[in-house]
Amino acid sequence: VQQKKNTYIIHVAKSQMPASFDDHTRWYDSSLKSVSESAEMLYTYNNAIHGFATRLTAQEAKSLQDQPGILYVLPEVKYELH
Amino acid sequence: TTRTPTFLGLEQSANLFPESDSESDVIVAVLDTGVWPESKSFDDTGMGPVPASWKGACETGTNFTSNHCNKKLIGARYFSTGYEATLGPIDVTKESKSPRDDDGHGTHTSTTAAGAIVGGASLFGYASGSARGMAHRARVAVYKVCWIGGCFSSDILAAIDGAIADNVNILSLSLGGGTADYYRDSVAIGAFSAMEKGIFVSCSAGNAGPSAYTLSNLAPWITTVGAGTLDRDFPAYVSLGNGQNFSGVSLYKGDSLPAKLLPFVYAGNASNSTNGNLCMTGTLIPEKVKGKIVLCDRGINPRVQKGAVVKGAGGAGMVLANTAANGEELVADAHLLPASTVGQKSGDAIRDYVLSDANPTATILFEGTKVGIEPSPVVAAFSSRGPNAITPDILKPDLIAPGVNIIAGWTGAVGPTGLAEDPRRVEFNIISGTSMSCPHVSGLAAFVKGAHPDWSPAAIRSALMTTAYTAYKNGGKKLIDVSTGKASTPYDHGAGHVNPVAALNPGLVYDLTTEDYLNFLCALNYTSMQIQGVARRNYSCGAGKTYSIGDFNYPSFSVSLQTQVIGGGGGSSSGGGSKSVVKHTRTLTNVGGGSGGSTYKVSISTTSPAVKITVEPDTLTFTKAYEKKSYTVTFSATSMPSNTNEFGRIEWSDGKHVVGSPVVISW
């Protein structure tokens, strides 16, 4: 169960990007790789939010939440047509 | 749609703005199940070049190429990465991995919002006429985010992200998912970014009515749309062996029933299942229903599926009876067999007959399309209702629009019932839901934006809300809620039913800027992290500054006296024993046009003498365009039991315009 991956949307405080990065996508990737070697970016968001979507285990999601500049790690939600 | 242009007075607007072509500069983005580009509603004959502002694309994929776009359907994209990450690769034998709509819902909503004019439209001859979207000259961009397995938030957010980059003007989302707080709701967060870019965002309120607290899409930067009926019906009478007749509705077209009464059976008595009355798959005993008309109760499984179940078991016809959840609301369906849907009262009487008569018989008589039905509109029973479960101080829904028995474009991939066993293919279909009312408002927002390109999303919403009507034009009685048969309240209809021609010239608007929304978040006591989650920026709420939701410049008033007495929320209050006093402020902007001045006077109404509403000043004089004037409303009331609601209305008028706001006071 602990290894089961779910999709999360990660909200990032872009203003907190370390000076060592010149591109926010590299920073996002670095943050992600720090908690999961295998996780891949599903989407990188630039306009609707600052952040990205990825697949993580619950433990990885918890670890990512503690990384600098990470605002929220929100689980995927399924919406329905009305 | 073939009736709403007349019902909403849009034909009249053609005379008001005969030369206006600025609507063709407006791009309406629809996030849904994709698009059937062969629909005549996307014919681009006569349309000028695509707006230079457009940065979007027409993506290729299963059965879809860039050639499927044109000057009407200017964009088509699909977002499935999140969906596939969760559910595995899309099976292209079951759904198109492309913008193509295999469902019909997305084609229906996009053509409702901004479909071109198509003559001779109908569903099997029902609702015949010239079909058109609300903004028939606007451009359409579709973003497919919903698949067989649902609509995933990572895909929805990616579509909003793309739509913003593509430079759309209107976002239409006929979907929802629970009631998470704004900083945890992807649609709310994405909509905030869109709003900042001047994009008007309208969303469906949900179909969980008539229970209270059932609304979706509650953020105040979203326009939340409930559903009402048109003045059109599709009568199909149920005639019983005892001589009684009951009116129902149907969109059935096909072989008629024999010209005689047929044996009639209650599904609950033709099944071994405890819920056999619902006509769910596999529950009917064929020997007991063959050649008979079957009475099924509404609920649990789709209405059209019940018809398919009866047909599959050998039934000759079906009477579908509403239960208390639906009351007298009659939603018509293109059933696969002769069928009629009847209201709860009729259903109860028919059930009494079929259960008590030794040899019950019945037949169904189909009458086609009738218009001019009164009263109309009535609030649909299914339309989700307030109060607002997240921020009770903001009244939702914002308004209602047509959402019952709406005809619009349809996919060629499935029949009008959407059932796999339905072999029919139609160009137009008639369906119901707040999914259908939302794109009406999206298109009407495009219509208003075409006339006023510089108006903010909040100004457009204000125009739509303050000109909405809450009483019938003939006779002046209050709008009816079909679930109760009584007058509806602002919790049901918000500011009222949309009145687009009046919205073109509202006189005054309640405008809102991004900073106003940020201050609203401060008033909610959001942390800086929560604000950053919604608004993508560091925003410091002033330590010594008082933020008040009561002073948030929304076009409606929702006053929670209990909250105010305790000390939370906004405005000022004084407990004073048994009497509460709350003050709210608003600012109106003059958009009346012309160089002359205008003086507006206020009028106030309430449903209870226990509530006193005063406005200071009671007269506002504007001398130039875009001039702003503020006023303060004082609500005072004696103590009432908890959960009591009273309603009212504040109207400003200069004799030419009426700028109305609903009022809700709750304890």
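A note on names: the letters A, B, ... follow the listed sequences, proteins ahead of strands, and every chain is numbered from 1. On a predicted model such as this, the values are computed, not experimentally measured, just so you know.
Using a 4.5 Å cut-off between heavy atoms, A194(B) makes no contact with chain A at all. Both the backbone and the side chain of I49(A) come within less than 4.5 Å of a heavy atom of chain B. Within the 4.5 angstrom heavy-atom criterion, atoms from both the backbone and the side chain of H50(A) approach chain B. Only the side chain of Y43(A) comes within contact range of chain B, judged by heavy atoms closer than 4.5 Å. Only the side chain of A53(A) has a heavy atom closer than 4.5 Å to any heavy atom of chain B. In this structure, chain B has heavy atoms under 4.5 Å from both the backbone and the side chain of L81(A). Only the side chain of I156(B) comes within contact range of chain A, judged by heavy atoms closer than 4.5 Å. For S174(B), the part sitting under 4.5 Å from any heavy atom of chain A is the backbone (N, CA, C, O) and nothing else. With a 4.5 angstrom heavy-atom cutoff, S80(B) touches chain A only via backbone atoms. With a 4.5 Å cut-off on non-hydrogen atoms, Q530(B) touches chain A through its backbone and its side chain both.
No donor-acceptor contact under 3.5 angstrom links the side chains of D155(B) and Y79(A), judged on distance only.
The minimum heavy-atom distance between E76(A) and G82(B), with the atom names listed, is OE2-O, 3.9 Å.
Listed for the Y72(A) side chain is no donor-acceptor partner under 3.5 Å among the backbone atoms of Y183(B). The closest donor-acceptor contact from the side chain of D161(B) to the backbone of N46(A) lies under 3.5 Å. The backbone N or O of T86(B) lies less than 3.5 Å from no partner atom in the side chain of K5(A), so there is not a single donor-acceptor pair.
Among G176(B), S193(B), G433(B), G533(B), the residue with the largest count of heavy-atom pairs under 4.5 Å with chain A is G176(B). Options M436(B), R184(B), K197(B) differ in how many heavy-atom pairs under 4.5 Å they form with chain A, and the most are formed by R184(B). Most heavy-atom pairs under 4.5 Å with chain A, from the set G150(B), G106(B), G206(B), G190(B): that is G206(B). Between chain A and the options F79(B), F382(B), F192(B), Y83(B), the largest number of non-hydrogen pairs under 4.5 Å is found for F79(B). Of the listed residues (S435(B), S216(B), S437(B), G177(B)), the one with the most heavy-atom contacts under 4.5 Å to chain A is S435(B). Contact count versus chain A (heavy atoms, under 4.5 Å) is highest, among G149(B), A163(B), G403(B), S153(B), for S153(B).
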Note to self: I'd like to know whether N538(B) forms a side-chain contact (heavy atoms from CB on, under 4.5 Å) with S15(A), so could you lay out the CA-CA distance, the side-chain angles of the two residues, the decisive distance to 0.1 Å, and finally the verdict.
What the structure shows: CA-CA 8 Å; N538(B) 286 315; S15(A) 59; 3.3 Å; yes
Checklist line | side-chain hydrogen bond (donor to acceptor under 3.5 Å, both in side chains) between S204(B) and H82(A), intermediate numbers included | finding: CA-CA 7 Å; S204(B) 47; H82(A) 281 154; 2.5 Å; yes
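Among the candidates D166(B), I160(B), I164(B), the single residue satisfying the side chain to side chain contact (heavy atoms under 4.5 Å, CB included) test with N47(A) is I164(B).
A heavy-atom distance below 4.5 Å is found between the side chains of S154(B) and Y45(A).
In this structure, M529(B) CE and I70(A) CD1 are separated by 10.5 Å, a value rounded to the nearest 0.5 Å.
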